[in-house]
Structures are given as structure tokens and as C-alpha cells.
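To start, the structure under review is shown below, and the notes come after it.
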Amino acid sequence: MNTFEKIYEVVKKIPKGKVATYGQVASLAGNKRWARVVGYALHSNPDPQNIPCYRVVTRDGKPSQAFVFGGVNEQINLLKEDGIEIIDGVVDMKKYQWDTPMHYSFFS
DNA sequence: GGTCTGACGAAAG
DNA sequence: GCTTTCGCCAGAC
């Protein structure tokens, strides 16, 4: 399993109603330093239907600037559909961040 | 086929 | 506490 596939597996496992940060996904995928790669992996996004990239946000709980794939509102709307509250385009990470232990890895 | 660059993030200065 | 640097991988040039 290559790096991208690991990342995709993690992203696909983000539960509904939760969001995860790039760094968190990277960490879960095996190495937190992959944050950048996570972003690029999502950029490739070979399987948008199974890869909810809108649930992946920066550590601030905001979608990245370059995220706009039709308007940031679209992502916000999708997140709200999951029951996630968006305040001024920012997710309340305390409430909605995927509560997975940072040390845990799907691919130990 | 080597180099540059990009949806990030954390540590160092 | 803000700015800079480095780490990581894949695709474009």
C-alpha cells in the first residue's frame, strides 16, 4: 500500500459529523510530516465519492484557500449536512474534530 | 530523468 | 508571538 492509499483510507474513515486536520490524517496514515502530502493526495482526489475531502481542514478548522472547488460555501454546506457547525467559515474543532488518538495509526 | 512546485504543519529563530 | 525553514510524495515541465 503506497502513501496515497494510506491517506485515502484514513480520510474515508472519518466518521460523519466529524472533521479531521491534515496533520491528523497524516499522523493516522503513519507519519505526521505527511501533512503536505495529504493535501496533495486530496488534490489528486481520484475517488471523490469515497473520499470526503471536505471533512479535512487545516489545523485552524478552516478549509484551505485553494480548496474552492466551486465555492467555499459548498464545503461549508456539506459540513453542515453532517451536523457540523460552521462559524464564520471556521469549524469548532473542540466539538467536531475527529476524536481519534493522535498516536494511533491504522498502518502501524 | 532531474528539478520545481503544491489543498500543510510543526519546530526553530 | 510572528516569520522562516524543513520534511514529505507525486505529478508537471
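Side chains included, hydrogens not; waters and symmetry mates left out as well; all remaining heavy atoms used. Chain A is the first sequence line, chain B the second, and so forth, proteins listed ahead of strands; every chain is numbered from 1. Being a predicted model, the structure only gives us computed values, none of them experimental.
The shortest non-hydrogen separation linking A/A29 to A/W34 is O-CZ3, 3.5 Å. A/Y8 and A/A41 get closest at one heavy-atom pair: OH-O, 3.0 Å. Looking at every heavy atom in both residues, A/A26 comes nearest to A/A35 through CB-N, 3.4 Å.
A straight line from CZ of A/R36 to P of B/dG9 spans 12 Å, rounded to a whole angstrom. Atom CH2 of A/W34 is separated from atom C1' of B/dA10 by 17 Å (rounded to the nearest Å). In this structure, A/L28 places its CG atom 14 Å from P of B/dG9, rounding to the nearest Å. Rounded to whole Å, atom P of B/dG9 lies 13 Å from atom CD1 of A/I7.
Closest-nucleotide positions on DNA chain C for A/Y40 and A/N31 were compared, and the one nearer the 5' end corresponds to A/N31.
In this structure, CG in A/N45 is found 12.5 Å from OH in A/Y40, a value given to the nearest 0.5 Å.
The gap from the P atom of B/dA7 to that of C/dC13 amounts to 14 Å, rounded to the nearest Å.
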Please evaluate residues A/V25 and A/I7 with respect to the criterion side chain to side chain contact (heavy atoms under 4.5 Å, CB included), reporting the C-alpha separation (whole Å), side-chain torsions for both, the decisive distance (0.1 Å), and the verdict.
CA-CA 7 Å; A/V25 172; A/I7 294 171; 4.1 Å; yes
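For residues 5-20 of chain A, the salt bridge (charged side-chain N to carboxylate O under 4.0 Å, His left out) pairs, not counting sequence neighbours, are A/E9-A/K12.
Among the atoms of the strands shown, base atoms are found under 4.0 Å from some heavy atom of A/R33.
First and last contacting nucleotides of DNA chain C toward chain A (any atom under 4.0 angstrom from a heavy atom, 5' to 3' order): C/dG7 to C/dG11.
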